[in-house]
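Presented below is the structure to which this report refers.
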Amino acid sequence: MERTRQYRLKVSGMHCVGCLHTVEAALKQVPGTEQVRVDYLRKEATVVREAPPEAWLQALKAVGYPAQVLREEDL
């Protein structure tokens, strides 16, 4: 059983509020995602899930927003 973890991501390429919605939708579509918060001004997203981050990093890249994990912590 995977532990629930919170990941903070730096998301490249967000230039408008529409980008925020695209990033949020891409992250929410990844199976196992429990919670998503996107901060447009900081160009960051916080994701809570029970699996490693590779799936949603790929999902963001697929919609044109490369990202990297800034921080990972157990909840």
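Each residue takes its place number in the sequence, starting with 1. Worth knowing before you read on, the calculation uses all heavy atoms, side chains too, and leaves out hydrogens, waters and symmetry mates.
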Return the set of residues passing side chain to side chain contact (heavy atoms under 4.5 Å, CB included) with Glu24 (not counting sequence neighbours), or none when no residue passes.
-> His21, Lys28, Val36, Val38
Is Val47 reachable from Leu70 through a run of I, L, V, M, F, W or Y residues, each pair having side-chain heavy atoms under 4.5 Å apart?
-> no
Can you tell me how far OH of Tyr7 sits from CG of Leu57, rounded to the nearest 0.5 angstrom?
-> 9.5 Å
Verdict with supporting geometry, Leu60 and Val23, side chain to side chain contact (heavy atoms under 4.5 Å, CB included) | CA-CA 6 Å; Leu60 288 177; Val23 166; 3.7 Å; yes
Between the side chain of Arg37 and the main-chain N/O of Glu44, is any donor-acceptor distance below 3.5 Å?
-> no
Could you give all pairs that pass the side-chain hydrogen bond (donor to acceptor under 3.5 Å, both in side chains) test and reach residues 60-72, with sequence neighbours left out?
-> Arg5-Glu72, Arg71-Glu73
Using residues 10-19 as the side-chain source, report each donor-acceptor pair under 3.5 Å to any protein atom, sequence neighbours left out, with the distance given to one decimal.
from  : atom 1 : to    : atom 2 : distance (Å)
Lys10 : NZ     : Arg42 : O      : 3.0
His15 : NE2    : Gly13 : O      : 3.3

Side chain to side chain contact (heavy atoms under 4.5 Å, CB included) with Ala59: which residues, sequence neighbours excluded?
-> Val30
